[in-house]
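The structure appears right after this line, and notes come after that.
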Amino acid sequence: MSHVDTERLILRRWRDSDREPFARMNADPRVMEFFPALLSRGESDGLADRIEAHFAEHGFGLFAAELRATREFIGYIGLAVPAFEAAFTPCVEIGWRIAADQWGQGLATEGAREVLRFAFGESKLDAVVSFTVPSNRRSRRVMEKIGMTQDPRDDFEHPHLPEGHPLRRHVLHRLRRSDWVAGEGNREMR
């Protein structure tokens with residue numbers, strides 16, 4: 001799929017013009033508060049390259065998000081296969097990273113809901129997960145708003161972070177297709 005539309009967003013494949021605003025986001029301490037480090041321009045471009053390679057390999061990925069009204073790139077929302085092993089992998093993760101000046105408008109939630117329609121409808125996935133550090137209340141609230149639930153028994157230590165790192169502990173949220181169909185998605189699936 002090349003794009004997904006919502007009322008206020010266009011979720012699409014990446015363009016070269018996205019790289020500069022993406023690098024600004026990845027260098028913003030507010031956006032990167034719950035990540036191990038800010039990203040340099042080269043690291044940010046490398047992430048964009050990996051996102052595009054993921055689309056080629058899996059047929060889905062983290063869509064570039066732009067505002068429909070202005071065509072401004074504001075981040076990403078989409079699906080990814082985590083590149084680490086844990087008790088819950090293999091799996092598909094739903095994730096988002098939005099520019100700080102766009103926070104508080106419900107854009108991540110709006111885009112994530114549409115990505116779930118794609119995940120459970122067209123892609124026929126059985127479940128999606130999302131994870132973050134316990135203190136990331138903004139992302140956890142998006143997870144809750146889109147119908148994901150957390151079981152503390154699924155929480156984990158992120159294997160890419162060293163023992164003792166303050167961001168190592170992660171909470172895992174999950175949404176099964178059957179629960180989505182029974183809840184928010186039932187209008188779409190009938």
Side-chain angles (χ1 to χ4, degrees), residues 1-15 17-19 21-22 24-26 28 30-35 47-48 51-52 54-55 58-82 91-133 135-150 171-190:
M1 168 169 274
S2 62
H3 75 282
V4 174
D5 294 333
T6 75
E7 181 181 334
R8 298 179 293 165
L9 296 171
I10 298 170
L11 306 179
R12 56 161 174 77
R13 296 290 293 268
W14 290 65
R15 300 179 186 138
S17 60
D18 299 330
R19 289 174 179 257
F22 189 50
R24 277 197 314 270
M25 272 182 47
N26 291 325
D28 184 336
R30 296 168 299 168
V31 173
M32 301 302 285
E33 177 182 3
F34 300 108
F35 290 89
L47 176 55
I51 290 169
E52 272 301 305
H54 188 284
F55 273 103
H58 298 284
F60 59 81
L62 299 168
F63 292 106
E66 72 177 41
L67 293 174
R68 180 182 291 283
T70 63
R71 298 293 199 238
E72 175 189 359
F73 172 89
I74 63 161
Y76 67 67
I77 305 170
L79 301 169
V81 175
C91 64
V92 175
E93 174 193 10
I94 186 169
W96 44 85
R97 187 177 301 176
I98 303 293
D101 64 344
Q102 300 298 326
W103 291 353
Q105 301 176 54
L107 294 169
T109 302
E110 179 179 320
R113 284 184 174 136
E114 198 61 35
V115 168
L116 287 175
R117 286 183 185 92
F118 168 73
F120 294 136
E122 184 175 322
S123 293
K124 305 260 189 262
L125 296 176
D126 291 328
V128 295
V129 301
S130 195
F131 47 85
T132 189
V133 297
S135 58
N136 188 348
R137 291 300 310 152
R138 286 184 301 273
S139 275
R140 292 184 68 191
R141 184 70 185 127
V142 173
M143 294 172 198
E144 293 163 3
K145 285 181 178 181
I146 64 173
M148 302 187 95
T149 58
Q150 180 209 4
V171 293
L172 180 79
H173 287 66
R174 183 184 320 268
L175 181 60
R176 289 178 173 76
R177 183 176 188 274
S178 59
D179 294 332
W180 181 81
V181 169
E184 178 175 325
N186 63 359
R187 293 180 307 271
E188 300 295 322
M189 300 306 292
R190 290 186 184 164

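Fair warning: this is a prediction, and the values are worked out from it, not measured in the lab.
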How far apart are the C-alpha atoms of V31 and W103, what are their side-chain angles, what is the distance that settles it, and do they pass the side-chain contact (heavy atoms from CB on, under 4.5 Å) test? CA-CA 10 Å; V31 173; W103 291 353; 4.2 Å; yes
L116 vs I146, test: side-chain contact (heavy atoms from CB on, under 4.5 Å). Steps then yes/no. CA-CA 8 Å; L116 287 175; I146 64 173; 3.8 Å; yes
In residues 125-132, what donor-acceptor pairs under 3.5 Å come from side-chain atoms, sequence neighbours left out?
residue: S130; atom: OG; partner: I94; partner atom: O; Å: 2.9
residue: T132; atom: OG1; partner: N136; partner atom: ND2; Å: 3.0

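- In this structure, R138 is not positioned above the aromatic face of F34 in the sense of NZ or CZ being under 6.0 Å from the six-membered ring centre and within 45° of the axis.
- If you check the side chains of E110 and T6, you find a donor sitting under 3.5 Å from an acceptor.
- Between the CG atom of L62 and the CZ atom of R13 there is a distance of 11.5 Å, given to the nearest 0.5 Å.
- Nearest approach of F60 to V81, heavy atoms of both residues: CZ-CG2, 4.0 Å.
- Heavy-atom minimum distance, P82 versus C91: CD-O, 3.4 Å.
- Note that CZ of R137 and CE of M143 are 10.0 Å apart. Values are rounded to the nearest 0.5 Å.
- By the salt bridge (charged side-chain N to carboxylate O under 4.0 Å, His left out) test, E72 pairs with no residue at all, sequence neighbours left out.
- Between S139 and W96, the shortest heavy-atom contact is OG-NE1, 3.1 Å.
- When every heavy atom of K145 is checked against every heavy atom of R113, the shortest pair comes out as O-NH2, 3.0 Å.
- Here L47 contributes atom CG and Y76 contributes atom OH; the two are 6.0 Å apart, rounded to the nearest 0.5 Å.
- In this structure, D18 pairs ionically with R12, as a charged nitrogen and a carboxylate oxygen lie closer than 4.0 Å.
- Of all the heavy atoms in A112 and I77, the pair that sits closest is N-CG2, 3.7 Å.
- W14 is linked by a ring pair (Phe, Tyr, Trp, His ring centres under 6.0 Å) to F22, F73, counting only residues two or more places apart in sequence or in another chain.
- Side-chain polar atoms of R140 and Q150 form a donor-acceptor pair below 3.5 angstrom.
- One finds the CD1 atom of I98 at 10.0 Å from the CD atom of Q105 (value rounded to the nearest 0.5 Å).
- With hydrogens and angles disregarded, no donor-acceptor distance shorter than 3.5 Å links the side chain of R97 to the backbone of M25.
- The environment of R174 atom CZ is dense: over 12 non-hydrogen atoms of other residues, nucleotides or ligands sit within 6.0 angstrom.
- In this structure, NE2 on H3 lies 7.5 Å from CD1 on I10, to the nearest 0.5 angstrom.
- Contact between D5 and R68 at its shortest, heavy atoms only, is CB-NH2, 3.1 Å.
- To the nearest 0.5 Å, atoms CZ (R15) and CD (E66) are separated by 5.0 Å.
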V92 and H58: side-chain contact (heavy atoms from CB on, under 4.5 Å), yes or no, with the steps? CA-CA 10 Å; V92 175; H58 298 284; over 6 Å; no
For F118 and L79, what are the C-alpha separation, side-chain angles and deciding distance, and is it a side-chain contact (heavy atoms from CB on, under 4.5 Å)? CA-CA 10 Å; F118 168 73; L79 301 169; 3.9 Å; yes
